[in-house]
Amino acid sequence: MAKNRFHEGSGPSQRQLRVGELIRRTLADVLNRGDVHDPELNRLSITVGEVRCSPDLKVATAYVVPLGGKDSGNMFELLERNKSELRRAISKEMTLKYAPDLRFRLDETFDRLDETRRLFSQEEVRRDLDGPSDEDDDA
């Protein structure tokens, strides 16, 4: 039986990861340099945390967050408005057969990191992580 390459269970292939990272770096450079002809988008400082590619490499989902995490609604509107220009700039820098269609999602990694730090700072969790105290060993 042939392996289904579009099955989500096995995770992304090495090629998907490599192309995703190349797109991430290229997109970050394009946004950082201000190569887009939209002054409103060029004023924003946008962090590109990760790019995930579909198995056929025709769709790339970029996880982005504005600097400081503020005004993300306006950021997505500007990115969508300039999507074709960003796609053209990325395809010029890369050597892929097809320029991937770009989709933008909010990168929630930093929020999850803050929540994890908050959980680890709780007294009950620190007590469990530190292990048994000397008092427990004497009993």
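Computed over heavy atoms, backbone and side chain alike; hydrogens, waters and symmetry mates excluded. A quick note: this is a predicted structure, and the numbers were derived from the prediction, not measured.
For the pair I46/L79, a side-chain contact is recorded, criterion being any heavy-atom separation below 4.5 Å from C-beta on. At a threshold of 4.5 Å between non-hydrogen side-chain atoms, the residues Y98 and D56 do not count as touching.
With hydrogens and angles disregarded, a donor-acceptor distance shorter than 3.5 Å links the side chain of N42 to the backbone of V36. A donor-acceptor distance shorter than 3.5 angstrom exists from the side chain of Q16 to the backbone of S13, with no hydrogens or angles considered. Looking only at distances, a side-chain donor or acceptor of N82 sits under 3.5 Å from a matching main-chain atom of L78.
No more than 12 heavy atoms of other residues, nucleotides or ligands shown are found within 6.0 angstrom of CZ on R15. Counted within 6.0 Å of CZ on R87, heavy atoms from surrounding residues, nucleotides or ligands total more than 12; the atom is thus considered enclosed.
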Discussion item. The test is side chain to side chain contact (heavy atoms under 4.5 Å, CB included); show your working for L31 and L41 and say whether it passes.
Written reply: CA-CA 8 Å; L31 291 171; L41 183 62; 4.2 Å; yes

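L96 and V48 fall within the same hydrophobic cluster, defined by Ile, Leu, Val, Met, Phe, Trp and Tyr side-chain heavy atoms under 4.5 Å apart, directly or through other members.
With values rounded to the nearest 0.5 angstrom, R81 atom CZ is found 11.5 Å from L86 atom CG. Rounded to the nearest 0.5 Å, atoms CG (D35) and NZ (K92) are 7.0 Å apart. Taking CD from E93 and CD1 from I23, the interatomic distance works out to 12.5 Å, rounded to the nearest 0.5 Å. Note that OG1 of T47 is 10.0 Å distant from CZ of R24, once rounded to the nearest 0.5 Å. With rounding to the nearest 0.5 Å, the separation of CD in E21 from CZ in R52 is 13.0 Å. Taken from CG in D38 to CZ in R43, the straight-line distance is 8.5 Å, to the nearest 0.5 Å.
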Using atom types as modelled, flag every donor-acceptor pair under 3.5 Å from a side chain in residues 57-67 to any protein atom, sequence neighbours excluded.
none

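Summarising the geometry of V19 relative to M94, their closest heavy-atom pair is CG1-CE, 4.4 Å, with the distance given to 0.1 Å. For the residue pair P39 and H37, the shortest heavy atom distance occurs at CD-O, 3.8 Å.
A salt bridge links K83 with E80; the closest basic N to acidic carboxylate O contact falls under 4.0 Å.
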